[in-house]
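Scroll down for the structure; my scribbles are underneath it.
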Amino acid sequence: MLPLVLCTALFPLLSFAQSVKNLGSSGGNGPSGGIGDLNNPVLKAEAIVTDAFIPLKQNTTRQLARGKPPVLDDGTNTTKACPPPRTILIDDLNGKRQEMVGFGYSWTDSSVEVLSRLTPDLQDQVLRELFGQEGLNMGMMRHTIGSSDMSGRQYSFDDNGPSFNEGQPDLSLENFSLGEDGEAMVNMISKMNHYKSDIFLIGSPWSYPGWMKHNGLFIAPNLDAGTSYNILNNSFDRQYIPQAIAYFTKYLDAYAARGVQVNGLTLMNEPLNYKGGYPCMYLDSTDGADILNHGLGEVLKDRNIALLAYDHNTDQPIYPSQMLQRANGYIDAAAWHCYAYLANYSVMQDFHQAYPDTPQFMTECSNYLPQTGALNWQVVNAFVPAVQFGGAGASMWVLATDPDFGPHSPYGGCAGCQGAIIVNSSTSYLKTNDYYVVGQFSKFIRRGAFNYRVLKGNEGNHLTPNQFNLIATQNPDKSWAIVFVNNLNRTENVRLEFTGSANIWEGSIPNSTVTTWLLPADDVLRQNTTGPSTSTPPFALYNATSTAVGPAGTGGGKGNDSCVLPPVTLSTSSSASSTTTPLIPVPHTINVIEQNVL
Ligand SMILES: *[C@@H]1O[C@H](CO)[C@@H](O)[C@H](O)[C@H]1NC(C)=O
Ligand SMILES: *[C@@H]1O[C@H](CO)[C@@H](O)[C@H](O)[C@H]1NC(C)=O
Ligand SMILES: *[C@@H]1O[C@H](CO)[C@@H](O)[C@H](O)[C@H]1NC(C)=O
Ligand SMILES: *[C@@H]1O[C@H](CO)[C@@H](O)[C@H](O)[C@H]1NC(C)=O
Ligand SMILES: *[C@@H]1O[C@H](CO)[C@@H](O)[C@H](O)[C@H]1NC(C)=O
Ligand SMILES: *[C@@H]1O[C@H](CO)[C@@H](O)[C@H](O)[C@H]1NC(C)=O
Ligand SMILES: *[C@@H]1O[C@H](CO)[C@@H](O)[C@H](O)[C@H]1NC(C)=O
Ligand SMILES: *[C@@H]1O[C@H](CO)[C@@H](O)[C@H](O)[C@H]1NC(C)=O
Ligand SMILES: *[C@@H]1O[C@H](CO)[C@@H](O)[C@H](O)[C@H]1NC(C)=O
Ligand SMILES: *[C@@H]1O[C@H](CO)[C@@H](O)[C@H](O)[C@H]1NC(C)=O
Ligand SMILES: CC(=O)N[C@H]1CO[C@H](CO)[C@@H](O)[C@@H]1O
């Protein structure tokens with residue numbers, strides 16, 4: 001366990017507020033978000049609890065359940081908590097940091113395929129549960145452009161031949177087509193937008209068409225060509241830069257023609273991943289920058305689409321810096337993944353120091369083979385440090401799968417990546433523990449919230465065996481959504497104080513849970529000093545002890561699902577401008593990526 005002082009020392013440089021207003025998005029700062037926006041202010045303190053324990057029998061643990069709310073210490077209660085509470089200090093005075101975009105998941109072909117198997121009623125229900133304000137209200141979604149490892153077959157939008165790897169160059173992209181799978185995905189995303197129109201939607205390809213890659217020649221350093229990775233067609237051939245630009249433009253056109261506005265783009269999912277045979281592609285930062293500099297950058301600017309650089313692990317942090325320096329003015333954000341053994345999120349702090357105006361995201365983390373009977377910390381171990389170190393949003397991998405973690409690629413597709421939703425049949429799906437844990441963030445932290453520095457109270461982190469961590473965000477209505485991770489193997493009493501506000505909140509965070517506190521804004525509290533309100537909360541909760549299915553769309557059991565929020569109102573596009581970042585030396589290089597060896 002780290003001494004508490006270390007926790008303050010961790011964040012000395014992230015002191016000013018970073019804005020995401022320049023990110024292409026139809027959302028902006030509400031007001032159509034849900035609880036915590038100006039139309040749905042928090043009126044009363046709440047605690048919402050999800051157990052980390054994955055039970056053997058479904059619905060026997062707390063899942064977004066209402067817990068004992070914290071109380072304001074008004075000085076009249078002389079009974080001291082036992083054991084003495086942990087003091088938490090939030091720096092509301094000087095600790096305003098990054099603006100939040102949202103939390104969510106990833107649309108994959110597997111997700112689209114299994115949700116398509118559901119009866120229309122059930123499909124409607126699950127989409128509402130995921131995206132509706134009365135459901136998880138996700139604010140950020142990634143989607144795959146063409147096939148990924150979570151696709152039953154390999155394809156691009158312009159194979160131009162009998163299969164992905166057998167096509168001829170299509171220089172004018174005349175055979176570009178979303179195809180059956182691409183149409184199914186844009187159609188599903190369009191349905192998603194019916195439930196929530198202001199989701200920050202990021203597109204990422206797992207490969208460009210096979211004919212845009214080198215064939216058989218590229219052997220990257222540290223790849224053992226003698227092993228099973230013997231199909232080495234996996235690096236971009238830069239003679240096809242004009243076609244790559246046209247490919248992205250046609251994809252954006254096709255989505256727009258079907259009514260789906262893409263808000264963010266990464267040039268390549270995991271550009272340093274070059275496993276032969278696997279749906280991936282090596283894209284050097286020089287080539288990536290040239291794709292932007294030779295035309296795609298202007299296309300994205302014209303359409304108000306943010307370019308997120310990198311989209312890969314924290315162990316090669318130089319790549320997004322190189323992109324920023326090489327594609328001057330076309331990089332709006334950086335994107336990180338959680339893998340590389342255990343992610344080192346402090347590289348996000350280094351990046352922020354060098355590029356203080358460039359927002360960051362944690363765009364991919366998978367829960368691999370979660371076990372019943374065990375504690376599940378995978379989501380919080382990705383989301384919490386990502387936000388603590390400056391992330392404006394985070395998305396887990398694979399929204400939905402079948403019970404066998406599929407469909408996935410026959411070429412090394414993830415054999416144990418579990419969806420948030422598992423679809424068993426056309427009439428049955430289940431929501432996993434991950435689903436509820438993501439909801440502890442996505443349901444309560446609105447776009448336009450700001451993350452604040454926590455000066456005291458955190459202990460340990462995702463790399464230590466035990467931890468107590470929190471993130472403190474202030475929503476647009478000035479209420480606080482505070483997400484706690486308690487992996488101390490005990491219930492923890494806490495006393496939460498601010499550097500500015502005089503309010504002191506007391507309560508306890510149950511053992512082995514992710515718990516979200518909603519604390520009303522000061523001016524709401526001032527009008528409500530006469531005791532607890534009895535009004536129903538302005539959001540639906542799940543009830544772990546209930547076995548009955550609630551009304552369609554509430555996702556919960558009997559009891560406290562009766563309160564349904566007003567329908568989502570459609571919002572219009574906001575304009576955005578992109579920033580120009582001056583060249584600055586790369587701040588920190590623990591590893592140097594291989595240069596373009598082709
Ligand atoms: C007073 O504080 C104690 C210890 O924190 C707590 O258990 C108790 O519920 C509080 N009483 C009231 C009326 O808030
Ligand atoms: C590409 O498009 C042309 C013109 O539409 C068509 O004749 C040809 O068959 C297509 N090729 C493939 C491989 O689909
Ligand atoms: C994480 O990265 C920081 C630099 O950001 C470095 O100082 C530290 O040693 C790294 N930690 C680990 C465990 O690799
Ligand atoms: C769905 O399938 C899983 C795995 O086979 C099983 O554990 C679960 O009970 C099933 N759920 C329903 C609701 O049928
Ligand atoms: C958690 O606490 C219980 C009760 O004190 C103890 O039996 C158990 O060994 C602890 N578990 C861990 C992982 O420390
Ligand atoms: C905390 O919760 C976990 C998971 O339910 C349980 O195994 C453990 O015994 C609990 N610890 C205590 C001290 O109650
Ligand atoms: C204050 O609380 C009362 C109930 O106790 C509630 O009716 C009222 O709406 C609250 N006022 C504000 C401004 O939230
Ligand atoms: C668990 O709860 C969910 C939501 O409340 C419900 O749809 C599902 O049928 C329940 N499953 C079981 C096995 O009770
Ligand atoms: C749901 O919660 C409200 C507010 O706490 C309470 O008044 C109501 O009785 C609960 N309903 C059920 C069925 O438990
Ligand atoms: C859960 O549901 C049961 C039965 O419907 C009800 O008695 C209980 O009060 C509910 N619990 C919560 C926390 O709403
Ligand atoms: C899987 C695959 O398509 N492999 C191809 C890689 O490139 C070489 C050389 O062009 C082909 O012979 C392989 O078939």
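Note that this is a predicted model, so its numbers are computed, not measured. Remember, it's 1-based here, ligands and their atoms both numbered in the order they're listed. Just so you know, residue 1 is the first one in the sequence shown, and it goes up from there.
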For a quick check under 3.5 Å, do [X] and [Y] share a side-chain donor-acceptor pair by atom type?
X	Y	answer
Q388	N469	yes
D284	T286	yes
D51	T61	no
Q322	Y310	no

What protein heavy atom sits nearest [atom], and how far off is it?
atom	result
atom 5 (O) of ligand 1	A81 CB, 3.5 Å
atom 9 (O) of ligand 1	K68 NZ, 4.3 Å
atom 13 (C) of ligand 6	N489 O, 3.1 Å

Problem - Under-4.0 Å heavy-atom contact with ligand 6, by part of L375 that carries it - result: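 Side chain only.
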Practice task
Enumerate the atoms of ligand 3 whose separation from the nearest heavy atom of S346 is less than 4.0 angstrom.
Solution key: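 Answer, ordered by atom number: 1 (C), 2 (O), 3 (C), 4 (C), 5 (O).
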Practice task
Check each atom of ligand 3 against the heavy atoms of D350 and keep those under 4.0 Å away; list them by number with element.
Solution key: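 Answer, ordered by atom number: 4 (C), 5 (O).
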Practice task
Evaluate the side-chain proximity of I471 to V454: yes if any heavy-atom separation is below 4.5 Å, no if none is.
Solution key: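 No, side chains not in contact.
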Exercise for the section: Check whether any side-chain heavy atom of I90 sits under 4.5 Å from a side-chain heavy atom of W480, and report yes or no. Expected result: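 Yes. Closest side-chain heavy atoms under 4.5 Å.
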Problem - Check: S512 side chain, A52 main-chain N or O, donor-acceptor pair, under 3.5 Å - result: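 Pair absent, no side-chain N/O of S512 close to backbone of A52.
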Exercise for the section: Output the list of atoms in ligand 6 that are nearer than 4.0 Å to some heavy atom of S512, sorted by atom number. Expected result: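 Per the distance check, 1 (C), 2 (O), 3 (C).
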Problem - Numbered atoms of ligand 6 (with element) below 4.0 Å of N511, judged on heavy atoms - result: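 Matching atoms, with element in brackets: 1 (C), 2 (O), 3 (C), 8 (C), 10 (C), 11 (N), 12 (C), 14 (O).
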Practice task
Determine, considering heavy atoms only, which of D73, N77, N493 sits nearest to atom 14 (O) of ligand 1.
Solution key: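 Considering heavy atoms of D73, N77, N493, the nearest to atom 14 (O) of ligand 1 sits in N77.
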Problem - Under-4.0 Å protein heavy-atom contact, atom 7 (O) of ligand 1 - result: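 Neighbour list for atom 7 (O) of ligand 1 is empty of protein heavy atoms (cut-off 4.0 Å).
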